[in-house]
There are 2 protein chains.
Amino acid sequence: MTTDTTPLTHIVDDDEAIRDALSWLFRTRNVPCATWASAEDFLAAYQEDWRGCIVMDIRMQGMSGLDCSTAVRQRGSTLPIIFITGHGDVPMAVGALKRGAFDFIEKPFDDNALVDIVQSALDEDARNQARRSARVDVAARLEQLTGREREVMGLILAGKFNKVIADELNISMRTVEVHRARVFEKMGVRSAVELAQQLTLAGLYNSATPSAE
Amino acid sequence: MTTDTTPLTHIVDDDEAIRDALSWLFRTRNVPCATWASAEDFLAAYQEDWRGCIVMDIRMQGMSGLDCSTAVRQRGSTLPIIFITGHGDVPMAVGALKRGAFDFIEKPFDDNALVDIVQSALDEDARNQARRSARVDVAARLEQLTGREREVMGLILAGKFNKVIADELNISMRTVEVHRARVFEKMGVRSAVELAQQLTLAGLYNSATPSAE
DNA sequence: GCCGCTATTGTGGATGACCGCAAGCCTGCC
DNA sequence: GGCAGGCTTGCGGTCATCCACAATAGCGGC
């Protein structure tokens with residue numbers, strides 16, 4: 001669907017020496033990477049479908065790493081972000097992590113430790129991607145539904161019989177059947193059970209399962 | 001179900017002055033709290049159904065706060081833990097948060113800030129509790145199922161017809177129907193759709209929805 | 001040996017789901 | 001006006017589900 005985006009470790013640092021050192025480190029460990037000389041450069045190039053992770057300095061000329069992470073998150077990214085800092089403190093680290101950073105390490109850092117962290121960040125991104133692509137797929141299918149079909153789908157997921165649905169919508173049972181069939185077809189499922197699983201998993205639908213007890 | 005456990009903010013600190021100060025702070029802000037003079041004391045008293053949050057010093061006589069958090073997590077607790085430290089550093093804070101701590105603050109701290117943090121921790125616990133109680137409920141129902149019933153349920157959730165299920169289990173369709181009815185009854189649902197929703201939501205069942213496309 | 005639980009099966013009927021075929025109505029667009 | 005897409009409906013039939021009634025059988029415990 002999307003262009004074949006290879007997972008990349010994006011190095012964002014205004015210090016060329018650091019960029020070169022990190023770039024060399026990752027390449028020698030077979031971790032594909034790209035470098036950016038500023039948060040602005042990175043944000044200008046950033047595409048929604050990028051995968052991998054970000055290794056970014058907190059303090060940079062121009063936009064800071066924290067602001068950059070906020071900006072990239074606002075654009076819908078879930079790329080794991082690893083912050084590097086030379087002059088960090090506890091509140092800064094806590095704030096970054098609570099806002100969703102993947103890790104926060106201080107210079108000087110251990111090469112092996114950083115590579116390990118990057119690896120786990122890449123793993124996490126891969127997992128996220130799988131979940132997200134499922135959600136996107138389901139969302140796209142939902143888009144195809146007509147208004148009436150969505151309406152009928154809701155009632156199906158509420159566990160109602162075609163007869164009841166027909167009654168509530170003031171249409172004939174046959175019409176409900178047609179809509180129902182279209183919903184299944186467009187959603188790519190073959191039963192109401194599959195439909196429920198798909199939507200519940202994707203978290204895109206919440207029926208008020210009224211288990212009266 | 002569980003005894004009426006009021007949300008409590010548990011203060012764990014070996015320094016009596018701090019305990020008293022925190023206890024006073026919380027009480028004057030209408031935050032019910034309890035105090036413990038050591039990690040060991042807390043762990044000895046801890047009950048699974050406790051709700052609220054934990055405010056704990058990292059460095060204490062005897063068991064450290066980090067070890068205590070590990071211990072309490074191993075006992076299944078998801079209580080939000082707020083660490084307090086006088087001599088913390090970045091790696092310690094990062095490690096604590098990555099292991100699931102709710103927050104990590106340094107002494108001296110701002111009273112208002114701490115109360116705010118505790119409030120959001122209590123909120124999070126309340127949210128967790130709601131989700132967890134649903135999961136526990138479903139798990140309890142699953143427990144009631146006999147082996148055969150669980151087996152049949154799996155095939156139902158795989159979207160198979162009774163006929164196919166009967167075939168795979170080498171039993172008659174009628175028997176499948178009986179098991180099916182019992183599964184619905186014990187799980188408190190009235191259709192396969194509800195069953196799928198309940199289990200998928202609780203995250204207690206994952207059918208390999210094989211949407212071949 | 002009797003009881004309770006689980007697993008098993010059959011018959012027959014009511015109800016619901018699914019489908020092909022056929023067709024009418026309305027709306028927006030070229 | 002014609003065409004496409006969405007919404008609607010009916011008929012008749014097949015297949016699946018649900019259920020009441022009825023019954024057999026093994027297993028562990030009192």
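A, B, ... follow the sequence lines: proteins, then strands. Residue 1 opens every chain.
For A/R182, the CZ atom counts as loosely surrounded, since its 6.0 Å shell holds 12 or fewer non-hydrogen atoms of other residues, nucleotides or ligands. Heavy-atom neighbours of B/R59 CZ from other residues, nucleotides or ligands within 6.0 Å: at or below the threshold of 12.
Phosphate proximity of C/dT8 to B/T175: absent, as no side-chain N or O sits under 4.0 Å from OP1 or OP2. Between B/H179 and C/dT8, a side-chain N or O to OP1/OP2 separation shorter than 4.0 Å is present. A sub-4.0 Å separation between OP1 or OP2 of D/dT8 and a side-chain N or O of A/R148 is present. Close to D/dG5, at under 4.0 Å from its OP1 or OP2, lies no side-chain N or O of A/T146.
Mapped onto DNA chain C by nearest heavy atom, B/E177 and B/E149 fall at different nucleotides, with B/E149 at the one closer to the 5' end.
With rounding to whole Å, B/K186 atom NZ is found 11 Å from C/dC5 atom P. Taking atom CZ on B/R182 and atom P on C/dC5, their separation rounds to 11 Å, with Å as the unit. As rounded to whole Å, 9 Å separates atom P of D/dT17 from atom CD1 of B/I156. Spacing between atom CE of A/M173 and atom P of C/dC18 amounts to 10 Å, rounded to whole angstrom units. If you take CE of A/M153 and C1' of C/dA17, they are 19 Å apart, rounded to a whole angstrom. Rounded to an integer number of Å, the gap from A/R180 CZ to D/dT8 P is 16 Å. In this structure, the CD atom of B/E185 is 11 Å from the P atom of C/dT6, given to the nearest Å.
Near DNA chain C, defined here as any heavy-atom distance below 4.0 Å, the residues from residues 160-171 of chain A are A/F161, A/N162, A/K163, listed numerically.
Judged by distance alone, the side chains of A/N128 and A/R51 never bring a donor and an acceptor atom under 3.5 Å apart. A side-chain donor-acceptor contact under 3.5 Å links B/R132 and B/T78.
Residue-level contact check: B/R174 touches the bases, meaning some heavy atom is under 4.0 Å from a base atom.
Not counting sequence neighbours, the partners of B/N162 by the side-chain hydrogen bond (donor to acceptor under 3.5 Å, both in side chains) test are B/R180.
Taking CD1 of A/I82 as the reference point, atom CG of A/D57 lies at 13.0 Å (rounded to 0.5 Å). Here CD1 of B/I11 is found 5.0 Å from CG of B/L22. Values are rounded to the nearest 0.5 Å.
Below 30°, between 30° and 60°, or above 60°: for A/W50 and A/H10 the angle between ring planes is below 30°, a parallel geometry.
Axis angle across the helix from C/dG1-D/dC30 to C/dC30-D/dG1, with five pairs used at each end and values rounded to 10°: 30°.
B/R141 and B/D137 are joined by a salt bridge, as a carboxylate oxygen and a charged side-chain nitrogen come within less than 4.0 angstrom of each other.
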